[in-house]
Protein chains: 2
Amino acid sequence: MLLKKHTLGSLIWLRITRFTQQSNLLSNDFLKSFDITVAQFDVLNQISTYQPVTQNGLAEKVTVSEGGISRMLARLEKEGYIQRKQDWKTKWITLTAEGEKKMEEVFEHQLAFQTTLVNECLTGEEQKTLYNLMTKLQKNTENKTRN
Amino acid sequence: MLLKKHTLGSLIWLRITRFTQQSNLLSNDFLKSFDITVAQFDVLNQISTYQPVTQNGLAEKVTVSEGGISRMLARLEKEGYIQRKQDWKTKWITLTAEGEKKMEEVFEHQLAFQTTLVNECLTGEEQKTLYNLMTKLQKNTENKTRN
DNA sequence: GACTATCACTTTACACGTCAACTGATAATA
DNA sequence: TATTATCAGTTGACGTGTAAAGTGATAGTC
């Protein structure tokens with residue numbers, strides 16, 4: 001019996017997986033000069049946007065487990081980028097002055113880096129299309145995760 | 001001064017990152033019943049397609065570092081799914097009978113799982129478009145990695 | 001006031017990824 | 001033969017993800 005080796009869906013999945021892996025490599029390499037990783041940038045960026053925010057809320061924003069965000073924040077706190085204030089049962093996260101400064105320093109470069117990677121190979125129209133399709137796909141997947 | 005918070009490129013990047021993370025969660029959860037992870041499936045699948053293959057070759061196929069593939073294969077060998085045969089300077093990787101059996105058992109289910117995730121939210125036409133755009137993007141990124 | 005529940009977070013054990021330093025097999029040369 | 005280079009893979013230190021068990025603060029109930 002002849003078995004199907006792949007479908008359009010599985011090919012898409014493969015491309016996305018490889019892209020993510022490779023683009024993280026590039027980003028980490030780039031961010032090394034700022035002494036920060038792409039995961040740390042992602043978290044700091046979300047805090048900067050949504051602060052003050054609880055750990056739970058942050059975990060949801062960056063799609064990471066509670067345990068994962070706990071460890072990440074411990075590191076960022078040790079580095080002096082963020083602070084946690086216990087209030088009632090929850091801890092509220094904010095950037096420290098040093099964290100704000102770091103983000104100011106890094107943000108535009110990382111944004112330019114990501115933007116260039118896409119601009120180099122896709123037209124504006126193509127980017128809009130890709131964004132719409134990826135949004136559909138991601139939202140569908142997100143809904144399934146909530147169960 | 002008003003700073004730009006994001007570009008189409010960075011929004012795409014975010015969607016892709018979140019999708020990857022969430023879809024890996026779902027896949028791992030699904031594959032748990034087969035006692036295998038999505039990373040292991042990916043590697044076994046590549047071996048099954050390209051065997052016999054060297055560790056170097058395999059590392060490139062799955063976009064993982066030499067060290068990473070070495071550890072992964074050590075695990076898979078311990079589980080009895082693959083074997084490594086030293087020949088000259090290189091080690092050639094093949095699936096064992098048990099590995100073949102595992103893949104036969106898992107493959108179609110994982111393929112169906114991935115396919116469904118995409119079919120649920122995108123039309124055939126949209127899938128073709130997404131595949132083409134992701135291919136462009138991934139290839140562009142891949143080229144940059146080679147330097 | 002003591003018991004229990006619950007929420008928010010932490011910790012542990014482990015998978016999987018990186019880089020950089022190391023090892024082992026072969027080849028090439030003095 | 002001894003020295004050195006090189007290629008292929010391994011290992012160590014560490015970042016980041018998970019699940020599941022543990023902890024500490026608060027609330028509700030007997």
Side-chain angles (χ1 to χ4, degrees), chain A residues 17-18 20-33 35-44 46 52-79 81-93 145, chain B residues 17-44 46 52-79 81-93 145:
Chain A
T17 299
R18 301 293 184 252
T20 302
Q21 172 64 9
Q22 289 165 333
S23 94
N24 276 339
L25 265 184
L26 290 177
S27 285
N28 275 322
D29 195 47
F30 171 68
L31 290 174
K32 195 151 55 178
S33 53
D35 232 330
I36 215 180
T37 67
V38 76
Q40 287 162 11
F41 173 83
D42 195 4
V43 170
L44 289 177
Q46 295 299 318
V53 64
T54 65
Q55 296 201 184
N56 249 318
L58 196 52
E60 203 168 318
K61 292 283 179 206
V62 293
T63 28
V64 150
S65 69
E66 268 295 295
I69 210 71
S70 180
R71 189 139 50 45
M72 176 89 257
L73 289 176
R75 239 192 306 273
L76 292 175
E77 192 173 36
K78 211 177 83 190
E79 297 284 327
Y81 295 141
I82 62 136
Q83 60 198 134
R84 298 193 259 194
K85 257 190 218 132
Q86 180 99 24
D87 163 45
W88 212 56
K89 283 197 285 192
T90 77
K91 291 189 178 174
W92 292 92
I93 318 296
T145 310
Chain B
T17 300
R18 301 294 184 252
F19 167 77
T20 302
Q21 173 63 10
Q22 289 165 332
S23 94
N24 277 339
L25 265 186
L26 290 178
S27 285
N28 275 322
D29 193 47
F30 172 68
L31 289 174
K32 196 151 54 178
S33 54
F34 296 102
D35 232 331
I36 215 181
T37 67
V38 74
Q40 287 163 11
F41 174 83
D42 194 5
V43 170
L44 288 177
Q46 295 299 318
V53 63
T54 65
Q55 297 201 182
N56 250 319
L58 197 52
E60 203 167 321
K61 291 286 179 202
V62 293
T63 26
V64 151
S65 68
E66 267 295 297
I69 207 72
S70 180
R71 266 190 244 290
M72 177 91 250
L73 290 175
R75 242 186 314 264
L76 291 175
E77 192 173 36
K78 211 177 82 190
E79 298 284 326
Y81 295 141
I82 62 135
Q83 61 198 133
R84 300 192 257 196
K85 256 189 218 133
Q86 180 99 25
D87 163 44
W88 212 56
K89 283 198 283 191
T90 76
K91 290 188 178 175
W92 293 92
I93 316 299
T145 312

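Reminder, nothing fancy here: chain letters follow the sequence lines and each chain counts from 1.
Between A:Met72 and B:Leu73, the residue anchored closer to the 5' end of DNA chain D is B:Leu73, taking for each the nucleotide with the nearest heavy atom. Residue order along DNA chain D, read from the 5' end via each residue's closest nucleotide, puts A:Ala39 first among A:Ala39 and B:Asp29. Map B:Asp87 and A:Gly68 each onto its nearest nucleotide of DNA chain C; the residue landing nearer the 5' end is A:Gly68. When the nearest nucleotides of DNA chain C are assigned to A:Ile93 and B:Arg71 by heavy-atom distance, the more 5′-ward of the two goes with A:Ile93.
Nucleic acid contact for A:Thr37: sugar-phosphate only, since backbone atoms but no base atoms lie under 4.0 Å from a heavy atom of the residue. A:Thr90 comes within 4.0 angstrom of the backbone, heavy atoms only, and of no base. Heavy atoms of A:Gln55 sit under 4.0 angstrom from primed sugar atoms or phosphate atoms, though from no base atom. Residue contacts for B:Leu25: at a heavy-atom cut-off of 4.0 Å it reaches the sugar-phosphate backbone alone, with no base atom in range.
No side-chain donor from either of A:Trp88 and A:Thr90 sits under 3.5 Å from a side-chain acceptor of the other.
Considering only the side chain of A:Val64, D:dT18 comes nearest among C:dA15, C:dT18, D:dT18. In this structure, of C:dC19, D:dG9, C:dC9, it is C:dC19 that holds the atom nearest to the side chain of B:Ser65.
Distance B:Asp35 CG to C:dC14 C1': 14 Å, rounded to the nearest Å. Rounded to whole angstrom, the span from the CG atom of B:Asn56 across to the C1' atom of D:dT10 amounts to 13 Å. Whole-Å rounding puts the A:Glu60 CD to C:dA8 C1' distance at 14 Å. Counting to the nearest Å, the P atom of D:dG22 and the CD atom of A:Glu66 are 18 Å from each other. Rounding to whole angstrom units, NZ of residue B:Lys32 and P of D:dA19 are separated by 7 Å. The nearest whole Å value for the distance from the CZ atom in A:Arg75 to the P atom in D:dC14 is 11 Å.
The pair A:Arg18-B:Asp42 counts as a salt bridge, with a side-chain nitrogen and a carboxylate oxygen less than 4.0 angstrom apart.
Counting non-hydrogen atoms of other residues, nucleotides and ligands closer than 6.0 Å to CD of B:Glu66 gives a total above 12.
The phosphate of D:dG24 has neither OP1 nor OP2 within less than 4.0 Å of any side-chain N or O from A:Gln86.
Put simply, the side chain of B:Asn28 gets close to the backbone of B:Val38: a donor and an acceptor are under 3.5 Å apart. Put simply, the side chain of A:Gln46 never gets that close to the backbone of A:Val43: no donor and acceptor are under 3.5 Å apart.
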